[in-house]
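Encoded as structure tokens, the structure appears first; notes follow it.
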Amino acid sequence: MCNPVKEMHLIGIESFEEIRTDGFYYIDKTGLIRDLLNKRGKVNLFTRPRRFGKSLNMSMLKYFFEYGCDKTLFEGLEISKDTALTERHMGQYPVISISLKSVNGANYATARSLMCSAASLRPTQTEPPAKKWNVVVALSCRNASTRYSR
């Protein structure tokens, strides 16, 4: 499925699937998946400067963990060498992927409302779901900024 000849340079593309199927150069960062699973905490925070691949890494995590994932996207990459890990975790989880790129609020109320819209939640919804799931959340905050003080 993946084009073995990588001829195009990656500029502004955040979809792991698009990069792997459309012939773009890709620097293999799938070792991050193994590190994340082996050294995981209750919450994992990925911080990088602008343009350092945060959204692409979140897309890679989404495509690895989500139910019904396309396993061919990971063929020949570092993570595919760890067969026990891939058999146990690849395609085994519901994934919630939320982008906060368009969240830019001048105050707390506006920022919260925009964040709720991005997550398709009503701003008044505070109760957690009744059923607990092990969920992988891919949250992209690139260019998301809030300007407020509390």
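Only this structure's heavy atoms are used, side chains among them; waters, hydrogens and symmetry mates stay out.
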Practice task
Quick one: closest heavy-atom pair of Phe65 and Ile33, and the distance?
Solution key: CZ-CG2, 4.1 Å
Exercise for the section: Nearest 0.5 Å please: distance from the CD1 atom of Ile79 over to the CG atom of Leu73. Expected result: 14.0 Å
Exercise for the section: Report yes or no: does Thr86 contribute a side-chain atom to a donor-acceptor pair with the main-chain N or O of Asp82 at less than 3.5 Å? Expected result: yes
Problem - Residues in ring-ring contact (aromatic ring centres under 6.0 Å, His included) contact with Phe64, at least two apart in sequence or another chain - result: Phe74
Problem - Reported NZ-to-SG distance for the pair Lys62 and Cys69, which is rounded to 0.5 angstrom - result: 10.5 Å
Exercise for the section: Mind checking side chain to side chain donor-acceptor pair (under 3.5 Å) for Thr110 and listing every partner two or more places apart, or none if nothing turns up? Expected result: Asn107
Handout entry: Minimum-distance pair of heavy atoms, taken over all atoms of Tyr26 and Met60
Key = OH-SD, 3.5 Å
Handout entry: With sequence neighbours excluded, residues passing salt bridge (charged side-chain N to carboxylate O under 4.0 Å, His left out) with Glu78
Key = Arg34, Lys81
Exercise for the section: Would you please classify the geometry between the Tyr63 ring and the Phe16 ring as parallel, tilted or perpendicular, with 30° and 60° separating the classes? Expected result: tilted
Problem - Point-to-point distance, once rounded to the nearest 0.5 Å, from OG1 of Thr21 to CG of Asp70 - result: 8.5 Å
Exercise for the section: Go through the structure and list residues passing side chain to side chain donor-acceptor pair (under 3.5 Å) with Asp28, not counting sequence neighbours. Expected result: Thr30
Practice task
Please report the shortest heavy-atom distance between Lys29 and Asn57, naming the atom on each side.
Solution key: CD-OD1, 3.8 Å
Handout entry: For Glu75 against Arg20, the heavy-atom pair lying closest together
Key = O-NH2, 2.9 Å
Problem - Separation of Lys39 NZ from Asn44 CG (nearest 0.5 Å) - result: 11.5 Å
Fill in the blank from the handout: Output for pair (Ser97 OG, Leu61 CG), nearest 0.5 Å, gives 10.0 Å
